[in-house]
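Predicted, not measured: the structure shown is a model, and the values here were computed from it. Order of the sequence lines sets the chain letters (A, B, ...), proteins ahead of strands, with each chain counted from 1.
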There are 2 protein chains.
Amino acid sequence: MSIRLVIADDQALVRGALAALLGLEPDIEVVAELGDGTGAAAAVVEHSADVAMLDVEMPGLDGISAAAAVRQAAPSCRVLMVTTFGRPGYLKRAMQAGASGFVVKDTPARQLAEAVRRVHQGLRVVDPALAAESLTAGDSPLTEREGEVLKAASDGGTVADIAKSAMLSEGTVRNYLSAAMSKTGGRTRAEAVRIAEDNGWLL
Amino acid sequence: MSIRLVIADDQALVRGALAALLGLEPDIEVVAELGDGTGAAAAVVEHSADVAMLDVEMPGLDGISAAAAVRQAAPSCRVLMVTTFGRPGYLKRAMQAGASGFVVKDTPARQLAEAVRRVHQGLRVVDPALAAESLTAGDSPLTEREGEVLKAASDGGTVADIAKSAMLSEGTVRNYLSAAMSKTGGRTRAEAVRIAEDNGWLL
DNA sequence: GATGAGGGATGACAAATGTCATCGAGGGGC
DNA sequence: GCCCCTCGATGACATTTGTCATCCCTCATC
């Protein structure tokens with residue numbers, strides 16, 4: 001009996017190509033393709049899928065939240081995360097959300113089908129290099145509000161803009177940014193944003 | 001006689017999946033897969049390819065430069081650019097570099113093979129929405145140095161950092177950033193960076 | 001030969017940013 | 001109860017930015 005697979009990735013070309021690639025495997029059957037995470041849980045239930053392959057970066061519901069939704073709606077369905085960016089924070093958060101596997105998009109294509117099979121068997125699949133990095137990197141040092149403010153700062157607005165969007169006073173925003181800069185080691189607001197993004201501490 | 005195709009994309013999973021997808025077409029033969037743009041021209045010559053499919057964002061030699069190299073080394077080989085980001089500036093620059101087609105990664109997968117065929121026939125393939133945007137967006141208003149300085153600023157360093165890396169005085173850096181902010185309409189250095197990136201004016 | 005645009009620089013000034021000390025309220029832990 | 005941390009805020013202060021006027025040099029172009 002073949003593995004019933006749901007694929008969610010916002011890039012149609014990639015999604016279609018992955019479906020084609022995996023559909024070639026005799027023991028894998030692609031039962032649904034989604035362009036965002038919103039309908040993932042529903043699709044898994046509807047098609048009684050065995051494995052859900054989710055991209056982390058998606059419009060609407062992001063992959064991590066989608067993973068949690070899938071796990072809740074169908075505990076027997078395993079989740080395999082696929083992502084462009086090997087950010088340590090993503091891995092940790094994905095695992096906490098109930099994912100069984102985590103691969104980056106520059107792993108060889110032939111390993112993908114194997115990853116799907118292992119996940120289906122209940123094994124965990126994690127890129128070894130990324131796992132190591134994730135251990136050393138540790139959790140986000142940012143408090144919730146610091147993260148929010150830093151994210152609000154990530155599109156380059158002024159302190160006044162951020163204060164308005166976060167409903168905070170300007171001074172408070174500056175304090176949070178200062179704390180975030182100190183914790184990330186960035187010497188500029190923009191540098192702090194970059195560091196936090198690279199580590200997967202935002203989203 | 002089948003179309004001989006070279007694929008270059010830095011994400012191995014995507015590259016493999018695209019190769020698998022296109023390899024299914026009876027009239028297309030994938031003769032080489034590359035992980036960066038450096039060897040693209042050589043691979044095209046070696047395998048006497050008819051079409052080269054290049055990603056814009058690649059480590060080492062970027063897709064636009066690779067396209068120019070391919071066109072120079074093998075004028076009979078057509079170039080089809082594939083990119084994650086539909087940035088107007090990319091399209092214009094790719095066309096100037098001699099590309100015949102330009103598709104974004106969220107076009108439907110089945111159109112891809114068709115795009116390869118059209119490019120091979122000497123037709124041009126361009127995402128219509130993107131083409132329209134590209135016309136309205138216009139060329140980069142930034143002068144060469146302004147672009148360089150803005151790019152140096154894009155990782156969030158201070159003026160002093162940028163001045164050092166660009167071998168300029170701090171005052172000059174501030175002048176260029178000021179000009180870049182005025183031309184892009186950004187109110188902050190960071191905002192100017194984001195706007196320029198979104199339009200494909202950096203790289 | 002004049003004009004203009006771009007590259008590079010300086011200096012001055014106003015506004016924004018980053019830092020610090022401090023304060024109060026609330027929420028767990030011991 | 002008390003301590004510690006986070007959240008939220010304020011005010012003061014030193015730096016850093018962003019803006020502007022002005023200068024010089026070079027290279028096209030008219």
Side-chain angles (χ1 to χ4, degrees), chain A residues 89 92-93 96 138-203, chain B residues 89 92-93 96 138-203:
Chain A
K92 188 160 297 187
R93 301 244 297 285
Q96 282 164 359
D139 277 328
S140 169
L142 303 173
T143 98
E144 195 181 343
R145 286 294 177 287
E146 285 163 1
E148 284 177 27
V149 170
L150 197 56
K151 193 169 79 183
S154 66
D155 50 4
T158 67
V159 170
D161 295 338
I162 304 168
K164 216 172 302 171
S165 92
M167 304 262 290
L168 291 174
S169 102
E170 300 196 7
T172 305
V173 169
R174 289 217 295 271
N175 284 341
Y176 281 144
L177 287 177
S178 185
M181 286 160 53
S182 148
K183 288 180 180 177
T184 56
R187 279 151 30 242
T188 316
R189 174 192 320 196
E191 203 171 7
V193 166
R194 212 179 43 67
I195 293 172
E197 271 179 353
D198 284 351
N199 283 289
W201 293 338
L202 298 184
L203 218 183
Chain B
K92 189 161 295 185
R93 302 244 295 285
Q96 283 163 0
D139 276 328
S140 169
L142 303 174
T143 115
E144 194 180 343
R145 287 292 177 288
E146 284 163 0
E148 284 177 26
V149 170
L150 197 55
K151 193 168 80 185
S154 67
D155 50 5
T158 67
V159 170
D161 295 337
I162 303 168
K164 215 174 300 169
S165 92
M167 305 262 290
L168 291 174
S169 99
E170 301 196 7
T172 306
V173 169
R174 290 217 297 270
N175 285 341
Y176 282 144
L177 286 178
S178 185
M181 286 161 54
S182 146
K183 288 179 179 176
T184 55
R187 280 151 27 229
T188 318
R189 177 194 315 198
E191 203 171 8
V193 166
R194 211 179 44 70
I195 293 172
E197 271 178 353
D198 284 351
N199 282 290
W201 294 335
L202 299 184
L203 222 181

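Closest to the N175(A) side chain, of the nucleotides dT10(D), dG8(D), dG18(C), is dT10(D). With dG11(C), dG18(C), dG18(D) as the candidates, the nucleotide lying closest to the side chain of S178(A) is dG18(C).
Under 4.0 angstrom from either OP1 or OP2 of dT17(D) there lies no side-chain N or O belonging to T188(B). The phosphate of dT19(D) has neither OP1 nor OP2 within less than 4.0 Å of any side-chain N or O from R174(B). Distances shown here put a side-chain N or O of T172(B) below 4.0 Å from the OP1 or OP2 atom of dA9(C). Residue T143(B) places at least one side-chain N or O under 4.0 Å from the OP1 or OP2 atom of dG7(C).
A donor-acceptor pair is defined here as one N or O able to donate and one able to accept, closer than 3.5 Å; such a pair exists between the side chain of D161(A) and the backbone of T158(A).
Judged by atom type and distance alone, R145(B) does not reach the base of dG7(C) through any side-chain donor-acceptor pair under 3.5 Å.
Inter-residue side-chain proximity for L150(A) and W201(A) is flagged as unmet; no heavy-atom pair is nearer than 4.5 Å. Proximity of I162(B) to R189(B): side-chain heavy atoms (C-beta onward) are separated by under 4.5 Å at one or more points.
Note on T158(B): only backbone sugar-phosphate atoms sit closer than 4.0 angstrom, heavy atoms only; bases stay farther off.
Considering V159(A), V149(A), N175(A) in turn, V149(A) is the only one that fulfils the side-chain contact (heavy atoms from CB on, under 4.5 Å) rule with L168(A).
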